Engineer: 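Structure in structure tokens, see below.
Nothing here was measured: the structure is a model prediction, and the numbers come from that model. Order of the sequence lines sets the chain letters (A, B, ...), proteins ahead of strands, with each chain counted from 1.
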There are 2 protein chains.
Amino acid sequence: MNRLSAHDERLPLYQRLRDDLLQRIASGEWAPGAAIPTEAELTQAYGLATGTVRKAIDMLVAEGVLVRAQGKGTFVRRPDFGNSLFRFFRFRSRAGSDVRPSARVLSRALRVPPADVRQALGMGDEAMGIYLSRLRLIDDQPVLAEDIWLPRERFEPLVEIKLKDFPDLLYPLYETSCRQLVASARERLTVESAGKAIADRLSLAPGAPVIAVQRLAFDFAGTPVEWRCTRGAGDGFQYEVDIR
Amino acid sequence: MNRLSAHDERLPLYQRLRDDLLQRIASGEWAPGAAIPTEAELTQAYGLATGTVRKAIDMLVAEGVLVRAQGKGTFVRRPDFGNSLFRFFRFRSRAGSDVRPSARVLSRALRVPPADVRQALGMGDEAMGIYLSRLRLIDDQPVLAEDIWLPRERFEPLVEIKLKDFPDLLYPLYETSCRQLVASARERLTVESAGKAIADRLSLAPGAPVIAVQRLAFDFAGTPVEWRCTRGAGDGFQYEVDIR
DNA sequence: CAGTGGTCTAGACCACATG
DNA sequence: ATGTGGTCTAGACCACTGT
């Protein structure tokens, strides 16, 4: 006898357990960084064999939702925004180590987003969005220009924050102020020639190669929560992938 | 009692079995597309439990080395060079479907490769390489320029082939002529402005944005076998990734 | 039908982390 | 010493494929 919701009897038990655990994580029952019940407790609670429970957890580990720690437990993964969601642009200090640029919010607006953004975020035709224009700098030199759209409904608290009080990293702010967790993202990379507006913002020669990274960020449930487009000089840009 | 080579007693059995299977695949005992022994046969031959054998196979499936087919067997994966190793540049015909450009080998040379290529390929300071300069075209318009380096030792048969007889896809040729299998690759992407040489080869304006993809291809054993740099117009270039 | 991989069980024992 | 995840066993039964 098990206690899995019967949302689809045909699915394997480990699959249904995985879905159930993911739903409980998405619902906030276990916060990022917190431990989920032990394998023994889960086998008890759901009335399954250890191998089945392990397989469900294996899947969530492979998906990057959970992390195991031998002898300690299994934990909801806290995405590290320092690197994993910041892959495309890398900057190095003069010393050679990686550097994270600081950020400055230039402006904020409340508007209905353009059609492509509304569609990407699954927003209705008249739903309000929050727009942020941001600059990222190293040693006070602008290196990246960002356009960000958020659905107002989920991010209302951001309307009140003073522009100068926005931190360098937005995702932790989303988490603490709006209880919105970014769990994954999809990025699309293209090359442009700098138009006048971008050339001005990034102190580039007009026509210089520019990399544009368009990112759609999702929560644990797979709902898109943020649309973002980041532009930077193509110069010095580098990206690496492994293919199998 | 099992029959695993004792190359490291401390490793888990499934790990050692995985290594052993991979070694047998790399040695050519089972060609790409061929079936490996059934799970039952492997449990017998190695004297292991089914779960342990399954875990070893699971790993190789996750690594893209094997594919399972329920009711049929488990097979050595034949990489499809049509898409998986050809991710960065996408071209669309006027009709809208994806198009694979044709290829023309412009020149071939036998030389000691530059130091960075030698190092990437793990070649000695005086080891000979085969250099190929290739152009890829759509409707007879050049769209990509490729520089390719191969260790001569492994690819001797290519020295004899007439330039006009090189096929569009090199990896199947490597497999049939030189028995060199490409199993995975690492690509590094950067942006350049077109210099005169590249601008000429690709019919671009000098200074136009160019994407350079530097690829290092590996066989099943993880040995680098090919170094390649592909350049194309930044215009219309697009790349998409999912991040977790 | 026989043979394959896919799912699942009910444990035992080991390695690691912590008090 | 206790509790955690990690490894491994020796099966049973199911679902799919091809004869």
Engineer: May I ask you to verify if any side-chain N or O of B/Tyr14 is less than 4.0 angstrom from the OP1 or OP2 atom of D/dT7?
Structural biologist: yes
Engineer: Let me know the distance between CD of A/Glu39 and P of D/dT4, rounded to the nearest Å.
Structural biologist: 10 Å
Engineer: Starting at atom CD of B/Gln15, determine the distance to atom C1' of D/dC8, rounded to an integer number of angstrom.
Structural biologist: 15 Å
Engineer: To the nearest Å, how far apart are B/Leu66 CG and C/dT4 C1'?
Structural biologist: 15 Å
Engineer: Using a strict 4.0 Å threshold on nitrogen-to-oxygen distance, state whether B/Arg152 and B/Glu156 make a salt bridge.
Structural biologist: yes
Engineer: Using a cut-off of strictly less than 4.0 Å, decide whether A/Thr50 has a side-chain nitrogen or oxygen near OP1 or OP2 of C/dG11.
Structural biologist: no
Engineer: Could you state the atom-to-atom distance from CG of A/Leu11 to C1' of C/dC8 in whole Å?
Structural biologist: 15 Å
Engineer: If I take atom CG in residue B/Asp58 and atom P in nucleotide D/dC8, what distance separates them, rounded to the nearest angstrom?
Structural biologist: 14 Å
Engineer: What's the shortest heavy-atom distance between B/Ala120 and B/Trp227, and which atoms?
Structural biologist: CB-CD1, 3.9 Å
Engineer: Check A/Arg134, A/Arg215, A/Arg228, A/Arg231 against A/Asp147 for a salt bridge (Lys or Arg N to Asp or Glu O under 4.0 Å) and give me the one that passes.
Structural biologist: A/Arg231
Engineer: Would you mind reading off the distance between B/Leu13 atom CG and D/dA10 atom P, rounded to a whole angstrom?
Structural biologist: 12 Å
Engineer: Between B/Asp219 and B/Arg154, does the salt bridge (charged side-chain N to carboxylate O under 4.0 Å, His left out) criterion hold? Intermediate values first, please.
Structural biologist: CA-CA 12 Å; B/Asp219 65 12; B/Arg154 286 169 173 262; 3.7 Å; yes
Engineer: Among the nucleotides D/dT7, C/dG6, C/dG11, which one has an atom lying closest to any side-chain atom of B/Arg54?
Structural biologist: C/dG6
Engineer: Check A/Leu144 against A/Gly232 and note the closest heavy-atom contact, atom names and distance.
Structural biologist: CD2-CA, 3.7 Å
Engineer: For B/Lys72 and A/Lys72, find the nucleotide of DNA chain C closest to each by heavy atoms; which residue's nucleotide sits nearer the 5' end?
Structural biologist: B/Lys72
Engineer: Using atom CD1 of B/Ile57 as one end and atom P of D/dC8 as the other, report the distance to the nearest whole Å.
Structural biologist: 15 Å
Engineer: Look at B/Arg68 and C/dT4 and indicate whether a side-chain polar atom (N or O) is within less than 4.0 Å of OP1 or OP2.
Structural biologist: no
Engineer: Under 4.0 Å, heavy atoms only, any strand: does B/Ala40 hit a base, just the sugar-phosphate, or nothing?
Structural biologist: nothing
Engineer: Below 4.0 angstrom from OP1 or OP2 of C/dG3, is there any side-chain N or O of B/Thr38?
Structural biologist: no
Engineer: Out of D/dG5, D/dA15, D/dT7, which has the shortest distance to the side chain of B/Gln70?
Structural biologist: D/dA15
Engineer: Given atom CG of A/Leu60 and atom P of D/dG5, what is their separation to the nearest angstrom?
Structural biologist: 14 Å
Engineer: Please state whether the phosphate of D/dC8, meaning OP1 or OP2, lies under 4.0 angstrom from any side-chain nitrogen or oxygen of B/Lys55.
Structural biologist: no
Engineer: Can you check whether B/Thr74 has a side-chain N or O nearer than 4.0 Å to OP1 or OP2 of C/dG5?
Structural biologist: yes
